[in-house]
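This report concerns only the one structure given below.
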Protein chains: 2
Amino acid sequence: MPAKPATIKEIAKMLNVSASTVSRALHKHPSIGLSTQLKVQKLAKELNYEPNQTAIFFQKGKTYTIGVILPELSEAFFSAAVSAIEDTAYKRNYTVLLAQSHDDAEKEKQLVEKMKNHRVDGLLVSVAKTTANFEHFNMLKRYNIPVVFFDRIPPIKNIHYVACNMETGSIEAVNYLLQKGHRSIGMINGPPTLAASGERKEGYIKAMTKNRLKFDPSLIVSCNLTEQDTKAALETLLANKRSPTAIVTFNDYVALYAIKHARQLNINLDKDLQFVSYANLPLINYMDYIPVASVEQFPYLQGQKAADILMDLLVSKSQSADEVQAYYKVIVASQLVENRKK
Amino acid sequence: MPAKPATIKEIAKMLNVSASTVSRALHKHPSIGLSTQLKVQKLAKELNYEPNQTAIFFQKGKTYTIGVILPELSEAFFSAAVSAIEDTAYKRNYTVLLAQSHDDAEKEKQLVEKMKNHRVDGLLVSVAKTTANFEHFNMLKRYNIPVVFFDRIPPIKNIHYVACNMETGSIEAVNYLLQKGHRSIGMINGPPTLAASGERKEGYIKAMTKNRLKFDPSLIVSCNLTEQDTKAALETLLANKRSPTAIVTFNDYVALYAIKHARQLNINLDKDLQFVSYANLPLINYMDYIPVASVEQFPYLQGQKAADILMDLLVSKSQSADEVQAYYKVIVASQLVENRKK
DNA sequence: ATGATGAGCGCAACCGTTTGCGTATTTTAA
DNA sequence: TTAAAATACGCAAACGGTTGCGCTCATCAT
């Protein structure tokens with residue numbers, strides 16, 4: 001029933017030894033006699049001694065804590081990633097400090113500052129959409145705080161990151177549809193401003209040309225990811241003279257909008273039109289009409305890898321000189337998974 | 001380009017004043033002359049001084065950090081709640097330390113220990129399913145670390161919590177269906193071992209009896225929340241002699257399973273059978289066939305309230321004596337929301 | 001002129017733990 | 001027997017910032 005936890009000093013006083021002896025005894029330091037060690041450990045247990053971590057953090061200049069900054073925690077992708085990060089950190093005895101930028105560049109910058117002052121050992125970041133200036137990340141280098149970016153990677157050099165290559169997944173998606181006999185394959189892509197849109201498009205084109213099919217630009221339409229715009233995009237595709245028998249959509253939301261609209265148009269989704277999308281929703285499993293396949297981006301795996309890399313950096317930092325030898329650039333290959341029929 | 005951040009002592013040395021003067025100057029302490037204040041603040045800015053939080057944490061015995069322990073971060077309910085918690089904490093200049101128990105009682109206990117040693121100022125907990133011993137929470141009281149439970153509340157006395165009352169929502173759900181003209185209303189409930197199942201059932205019964213309808217126990221069937229069991233439950237209900245025209249389901253998953261199965265049975269979901277469920281999926285919006293209404297549990301609101309309460313406790317702790325006057329028991333009323341037609 | 005007042009600042013302790021170094025005591029080797 | 005080495009422990013500084021107390025002046029009223 002202690003109001004305050006026991007301290008090393010108190011233990012020392014009670015045993016008439018010095019604090020250093022207690023500290024060493026608790027760490028089983030060889031220069032402490034066995035009898036003393038046992039005495040100390042016994043009393044420590046009795047008093048329910050637990051080291052004051054804040055003191056240790058301060059003393060060591062290390063907190064065994066990693067910061068995580070991402071746009072929106074409530075997005076399925078990110079919550080899965082954070083879940084993995086926390087699991088990985090826990091296994092290595094690290095703790096996770098969490099914050100979300102809400103895609104606000106200014107807040108992101110403040111959070112980086114805050115994390116730095118908290119003396120996190122390292123940082124995991126998925127950058128905000130609006131972030132245009134990346135100076136706050138470079139600042140961390142000067143303070144020797146390693147950063148690993150994941151999913152949303154800033155366009156700067158000399159960074160560690162893990163991301164998902166949309167191109168391979170897109171190639172797989174198109175190949176899959178080609179194997180199924182489709183020859184006219186449409187794409188409802190995201191806004192051209194997004195890098196992710198470009199990767200998808202590239203993959204599409206590569207897959208088509210590698211299969212000696214000519215690429216028809218009119219079969220790729222952009223949309224702003226809203227339901228309205230998706231509907232319009234679908235109708236544009238359907239009106240195309242080479243009316244597509246399959247469509248690759250930017251993500252699950254777009255796919256679901258399109259599917260819904262297609263059904264309202266009385267299109268037979270088994271025979272006349274098939275969809276493939278990029279998986280970001282776990283709930284595909286509960287739906288009636290779903291894409292026949294999805295490009296999985298493995299958020300859990302991405303989070304895991306990013307955390308692993310960060311901790312590698314943390315141990316190598318404390319070991320060798322702090323010059324960075326190389327930068328981790330991990331690409332998690334997106335992968336097409338066929339959605340189970342029901 | 002400092003390898004190490006500037007410290008107060010360094011500033012003091014450069015200006016030939018004492019560290020205490022620098023500290024006070026930075027805090028605009030009245031006993032420091034204006035000229036000195038400006039000198040100090042100017043140099044601090046130049047050197048990019050930022051206080052070492054670990055030192056302050058240690059010194060003050062306070063970390064301005066709150067711990068959050070919950071079962072599964074990747075569950076939509078919890079990620080929404082954490083999102084709210086982080087937002088609320090951020091506004092009050094607190095930081096969030098996050099960990100998930102994965103519904104493992106032992107891990108939960110360890111996490112509580114860890115959080116305590118990290119000297120979090122307070123804790124937000126949604127307890128693991130398997131937790132049977134609650135001693136680790138009482139331990140926190142002795143160390144004067146306030147805890148606020150949310151959603152999953154332990155069955156012990158003298159705790160602060162915010163939870164959602166399923167009963168009111170259930171009543172609303174049944175009333176809603178009664179108003180729509182349904183007289184035979186079924187319920188696919190969860191396993192009887194869950195408190196949440198009991199609340200739903202109680203609400204159902206109360207609504208029926210208040211409307212002077214007699215309660216038919218055979219219209220409530222339990223399931224273990226799997227797809228298989230849900231199908232079976234649905235068929236049981238359909239085989240009931242008072243074949244129900246509406247069904248209240250334990251949650252969205254169950255509802256979707258049931259809806260899927262009903263459609264396979266060629267049941268007209270507009271006319272012959274209507275569903276009402278408990279909202280835990282945000283993606284209802286994207287589906288074709290959905291429950292006509294859902295009992296919303298407001299995860300964001302719950303997280304927000306829990307965080308607010310915790311911070312109230314933190315300020316009142318530092319102010320008055322640490323005897324707890326009363327316990328916060330906030331019930332967020334679940335509320336029926338009609339799902340928009342499309 | 002003198003004492004009181006207050007403004008402006010420094011001293012030093014403190015928070016809990018770690019760790020390099022010194023030292024006393026015992027053991028070992030020569 | 002004596003010097004060397006090993007054993008077991010204490011001293012004290014350090015990490016960075018905060019704060020109660022005391023000190024030194026200049027200012028002011030008497």
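Convention: sequence-line order gives letters A, B, ...; per-chain numbering from 1. Since we're looking at a predicted model, the values are computed, not measured.
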Rounded to whole Å, CD1 of Ile32(A) lies from P of dC9(D) at a distance of 6 Å
Between CG of Leu47(A) and P of dG16(C) the distance, given in whole Å, is 14 Å
Side-chain-base donor-acceptor pair under 3.5 Å for Arg119(A) and dG16(D)
no
Does the pair Asp308(A)/Lys91(A) count as a salt bridge with the N-to-O cut at 4.0 Å? no
- prompt: Taking NZ, NE, NH1 and NH2 as the nitrogens, is one of them in Lys60(B) or Asp121(B) under 4.0 Å from a carboxylate oxygen of the other?
  reply: no
Atom CD1 of Ile11(B) and atom P of dG16(D) are separated, to the nearest Å, by 12 Å
Think Thr21(B) has a side-chain N or O under 4.0 angstrom from the OP1 or OP2 of dC9(C)?
no
So what does Gly61(A) hit on the nucleic acid, given a heavy-atom distance under 4.0 Å: a base, only sugar-phosphate, or nothing?
nothing
- Just checking Phe57(B): base, sugar-phosphate only, or nothing, at a heavy-atom cut-off of under 4.0 Å? nothing
query: Thinking salt bridges, do Glu113(B) and Lys116(B) make one under a 4.0 Å N-O criterion?
result: yes
- Query: Are the charged groups of Glu46(A) and Lys42(A) less than 4.0 angstrom apart, N to O?
  - Reply: yes
- request: Classify the nucleic acid contact of Val17(B) as base, sugar-phosphate or nothing, counting any heavy atom under 4.0 Å across all strands shown.
  value: sugar-phosphate
From CD of Gln53(A) across to P of dT17(C) the rounded distance in Å is 10 Å
Separation of dC11(C) atom C1' from Lys13(B) atom NZ, nearest Å, is 15 Å
**Asked** Ignoring hydrogens and angles, are the base of dC11(C) and the side chain of Ser20(B) linked by a donor-acceptor pair under 3.5 Å?
**Response** yes
From CD1 of Ile8(B) across to P of dC14(C) the rounded distance in Å is 20 Å
Residues 54-76 of chain B vs ring pair (Phe, Tyr, Trp, His ring centres under 6.0 Å), sequence neighbours excluded, gives Phe58(A)-Phe58(B), His118(A)-Phe57(B), Tyr64(B)-Tyr94(B)
Does a nitrogen or oxygen in the side chain of Ser23(A) sit under 4.0 Å from OP1 or OP2 of dT19(C)?
-> no
From CD of Glu50(A) across to C1' of dG16(C) the rounded distance in Å is 14 Å
Face-to-face contact Phe58(A) to dT17(C) six-ring, under 5.5 Å, under 30°: no
Note to self: Just to be sure I understand the rule, does Thr54(B) reach a base, reach only the sugar-phosphate, or reach nothing, if contact means heavy atoms closer than 4.0 Å?
What the structure shows: nothing
